[in-house]
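Contents: one structure, followed by commentary.
We count residues from 1, following the sequence as given.
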Amino acid sequence: RSFRVNLLLQEDNPLIESQAVFEWAKDGSESPVTSRDIFEAYRSSRRKTLETLGGIPLEDWWREGRHEEFGVISIKQQASYFATHELTHLAQIEFLRERLSAI
């Protein structure tokens, strides 16, 4: 996720392509061994994204790029999408936590 924001910060009007969030998602042989490893990779990715967003000067929140599916997007719009999308993941994590605690 932070790679998109970094691209928007580093380039003028970059093309934002859809990509696998985790490198290991591209190649099953590189995948984490346990669900804990997957969760830690998720947490680390989110922490990095929050650090990146927290360091953006106010005037740069309106920097734009072109997303291959969604057209023109700004850093501000991308951060809003991250926050909304995150709710889906949090619900999934809670569901799994409840299922595992019932076992």
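- Glu69 meets the side-chain contact (heavy atoms from CB on, under 4.5 Å) test with Ser18, His67; sequence neighbours excluded.
- Separation of atoms CZ (Phe3) and OG1 (Thr52) is listed at 11.5 Å; rounding is to 0.5 Å.
- Separating the OG atom in Ser2 from the CZ atom in Arg46 is a distance of 10.0 Å, to the nearest 0.5 Å.
- Under the rule for a salt bridge (charged side-chain N to carboxylate O under 4.0 Å, His left out), the partners of Glu94 that lie at least two apart in sequence or sit in another chain are Arg97.
- Among residues two or more places apart in sequence or in another chain, the side-chain contact (heavy atoms from CB on, under 4.5 Å) test is passed with Gln92 by Thr88, His89.
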Checklist entry - Would Phe39 and Ile93 satisfy side chain to side chain contact (heavy atoms under 4.5 Å, CB included), going step by step from the backbone distance to the final call? => result CA-CA 9 Å; Phe39 183 68; Ile93 291 168; 3.8 Å; yes

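- Partners of Glu40 according to the salt bridge (charged side-chain N to carboxylate O under 4.0 Å, His left out) rule, which considers only residues two or more places apart in sequence or in another chain, are Arg43.
- Annotation: the span from Glu68 atom CD to Glu17 atom CD amounts to 5.5 Å, rounded to 0.5 Å.
- Nearest heavy-atom pair across Leu8 and Arg63 is O-NE, 2.7 Å.
- When side chains are defined from C-beta on, Asp12 does not count as touching Pro14, because their heavy atoms never get closer than 4.5 Å.
- Atom CZ in Arg4 sits 6.0 Å away from atom CZ in Phe82 (nearest 0.5 Å).
- The two residues Leu7 and Leu15 have their closest heavy-atom pair at CD2-O, 3.6 Å.
- Listed by chain and number, the residues in a side-chain contact (heavy atoms from CB on, under 4.5 Å) with Ile56 are Val5, Leu9, Leu53, Asp60, Trp61, Ile75 (sequence neighbours excluded).
- Within the hydrophobic cluster formed by Ile, Leu, Val, Met, Phe, Trp and Tyr side chains joined at under 4.5 Å, directly or through other members, Leu96 is accompanied by Phe95.
- Listed by first then second residue, pairs satisfying salt bridge (charged side-chain N to carboxylate O under 4.0 Å, His left out) with a partner in residues 47-57 number zero, not counting sequence neighbours.
- Proximity of a side-chain donor or acceptor of Arg66 to a complementary backbone N or O of Gly71 within less than 3.5 Å is not detected.
- Under the rule for a side chain to side chain donor-acceptor pair (under 3.5 Å), Asn13 has no partner lying at least two apart in sequence or in another chain.
- Judged by distance alone, with hydrogens and angles left aside, the side-chain atoms of Thr84 form a donor-acceptor pair with the main-chain N or O of Ser80 at under 3.5 Å.
- For the side-chain contact (heavy atoms from CB on, under 4.5 Å) test, no residue two or more places apart in sequence or in another chain qualifies with Leu50.
- Considering only residues two or more places apart in sequence or on other chains, Gln77 meets the side chain to side chain donor-acceptor pair (under 3.5 Å) condition with Ser74.
- Under the 4.5 Å side-chain heavy-atom criterion for grouping Ile, Leu, Val, Met, Phe, Trp and Tyr, Tyr81 is connected to Phe70 within one hydrophobic cluster.
- To the nearest 0.5 Å, the span separating NE2 on His85 from CG on Leu87 amounts to 10.0 Å.
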